[in-house]
Amino acid sequence: MKINPSFATVLAALCAAGCATVENARRAQRDDAERTIRWAETPFAARQSPVDMEELASWARTNAPAVVQARQDVVQAQIALRSVKASFVPVVDGSIAYTYASQNINPHDTSWDGDGNWGGNLTVNWLIWDFGRTSASARRAAAALAAADRAKRTAEDGAAYAVRAACFSMNRAAELQRVASQTVESYRQHRDQTRDRRDVGAAMDYEVSKAEVDYQNALLNEISAANAVETARASLSLALGLAENPKIELGDCSFPEMPGDADAVMAVAATNAPALAALRAQADAARQYVDWTICELYPKLAFSLTFDARGDSSPLLWNYAAAPAVAQNLFAAGAKTRQIETAVAQLRQARSALAQAEQTLYNQILSATLAADRARKSLSVAETALAAAKENFDVVSSRYDVGKASALERTDAQVALSSAEANVVTARYDLLDTQILVARLAGL
């Protein structure tokens, strides 16, 4: 029998595709890429220089567990779309069997007598037309794929935001620790000076005791500040998808300033925010589902071809049967109309969810821009207060050195200076936190 070269080519391609799919599946079983990554495996571990914040954010966009899971949701949505599009491709089923049966009649006969029969079956089922069901399902699957893709983008933005927020938190804690260390050193110097003054009769024991208490309290604050740094470092490790706490040295952590007008940010978010885009795709999928339920009112046209061969010799006896068919439920007690009504309710619900998300997003953007404006003003006020606190501390310290200011005044001036320095740090990072939040809400 001569085999058609085109048929052989198609058959070989199908076999190769099947083998490649199986090989990929086996590789996935052996692979352990979807696991907790060690810091030593990242491209940053071998560096001698600090790592910039945006480098870490970019890495998290690809490797964060939530992003990996969202990426597989996209893969499944792609497969679902291909499956729907394959509905109009003929389905071929086949079987082949050999049956051997004994035919002994005499129970005392020790010989073995029997006959063998070959049999085979080949069936082709082809959906010719379903009055738009498959087309509606394909459009619905395409909308679901778009929603999954936008959800992946949301996960990527969330991973980048988490890294940026953790970096700012770590830098904030580090700067507050620096302020606490400076305060400790200042109180230590004050304690030593007070002891020296007591030795020459210029200070009382009370002043020495108070200076010692102030110094010890400053040490406690420094310990708390150092612990806050390690806690922030652990948050950064979690944002990167690590189950360890490496000593990551941060480099550039700058971030561009976002627009301060809520309406301008919302205009960008309306077309760029992945969360809104995902809800729009879900609403579109619900609309396509309405089409599918309406198409269910119509019959399906299909064609079936069966080839059957059997016998115990060559040539085999064979027969075939061709059967066009029209399938339709004649009575379903209103099930199909109820299905349409349910689909319409789901569509209205999806559109309402989109509207609610737009309203919530605008409220979040408005709150974030107002917080950013407040942080800018607070930073300006804090910087002015810091300059005044430094000047006051210098004046009080000079007066204390010559005995014209009390220990309490000097302590108050030190507390005011430390508080002013901490307020500047807090206001600066509050402003940065609002900037990355606005960027995330806008989908930037």
Side-chain angles (χ1 to χ4, degrees), residues 36-68 153-185 222-260 368 371-372 375-376 378-380 382-383 386 421-444:
T36 299
I37 298 176
R38 306 292 298 177
W39 174 250
E41 299 176 81
T42 67
F44 315 112
R47 282 193 185 180
Q48 300 299 323
S49 59
V51 183
D52 294 343
M53 178 181 70
E54 289 305 309
E55 290 183 289
L56 293 175
S58 177
W59 189 84
R61 282 181 175 273
T62 302
N63 297 279
V67 175
V68 175
R153 168 76 186 282
T154 300
E156 292 172 347
D157 288 354
Y161 173 79
V163 168
R164 290 165 179 162
C167 287
F168 288 151
S169 178
M170 184 172 162
N171 277 352
R172 180 202 296 258
E175 291 198 30
L176 290 175
Q177 182 187 21
R178 177 185 55 78
V179 172
S181 298
Q182 291 175 351
T183 303
V184 167
E185 179 60 21
E222 184 183 30
I223 293 172
S224 298
N227 184 69
V229 172
E230 294 305 315
T231 301
R233 191 186 305 277
S235 297
L236 177 57
S237 298
L238 178 62
L240 292 172
L242 305 174
E244 54 185 319
N245 197 22
K247 301 295 183 181
I248 302 175
E249 184 179 357
L250 295 178
D252 179 24
C253 289
S254 60
F255 195 79
E257 187 170 352
M258 293 292 105
R376 289 189 190 94
S378 298
L379 178 59
S380 177
E383 289 173 342
L386 175 59
E421 290 176 335
N423 288 340
V424 169
V425 173
T426 300
R428 182 166 65 251
Y429 282 99
D430 283 348
L431 177 58
L432 288 172
D433 285 341
T434 60
Q435 298 306 292
I436 61 174
L437 178 58
V438 171
R440 182 189 184 187
L441 294 174
L444 299 175

So, do L240 and T42 sit near enough that their side-chain heavy atoms are less than 4.5 Å apart? no
Distance check, rounded to the nearest 0.5 Å: W59 atom CH2 versus E55 atom CD? 13.0 Å
Taking atom CD1 of I223 and atom CD of Q177, what is their separation to the nearest 0.5 Å? 11.0 Å
Could you tell me which non-hydrogen atom of R61 sits nearest to which non-hydrogen atom of D157, and how far apart they are? NH1-OD1, 3.0 Å
Between E156 and R153, does a salt bridge (charged side-chain N to carboxylate O under 4.0 Å, His left out) hold up when you go through it step by step? CA-CA 5 Å; E156 292 172 347; R153 168 76 186 282; 5.1 Å; no
Would you say R233's side chain and I248's backbone share a donor-acceptor pair under 3.5 angstrom? yes
Not counting sequence neighbours, which residues clear side-chain hydrogen bond (donor to acceptor under 3.5 Å, both in side chains) with D252? List them please. S254
Working to the nearest 0.5 angstrom, can you tell me the gap between L431 CG and T426 OG1? 12.5 Å
What one should report as the nearest heavy-atom pair of A66 and A155 is O-CB, 4.0 Å
For the residue pair V67 and T62, what are the closest heavy atoms and their distance? CG1-O, 4.2 Å
Compare all side-chain heavy atoms of L250 with those of L56 and state whether any distance is below 4.5 angstrom. yes
Check whether S58 reaches the backbone of E54 with its side chain - one donor and one acceptor, N or O, closer than 3.5 Å. no
Between CZ on residue F255 and CE on residue M53, distance to nearest 0.5 Å: 6.5 Å
D430 side chain near S378 side chain, heavy-atom distance below 4.5 Å: no
Quick one: does S235's side chain have a donor or acceptor within less than 3.5 Å of a partner on A166's backbone? no
To the nearest 0.5 angstrom, please state how far the CZ atom of R376 sits from the OG1 atom of T434. 6.5 Å
Any salt bridge (charged side-chain N to carboxylate O under 4.0 Å, His left out) pairs touching residues 432-444, not counting sequence neighbours? R172-D433
Let me confirm one number: the CD-CE distance from E230 to M170, rounded to the nearest 0.5 Å. 8.0 Å
Would you say the side-chain atoms of E222 pair up with the backbone N or O of A180, donor to acceptor, closer than 3.5 Å? no
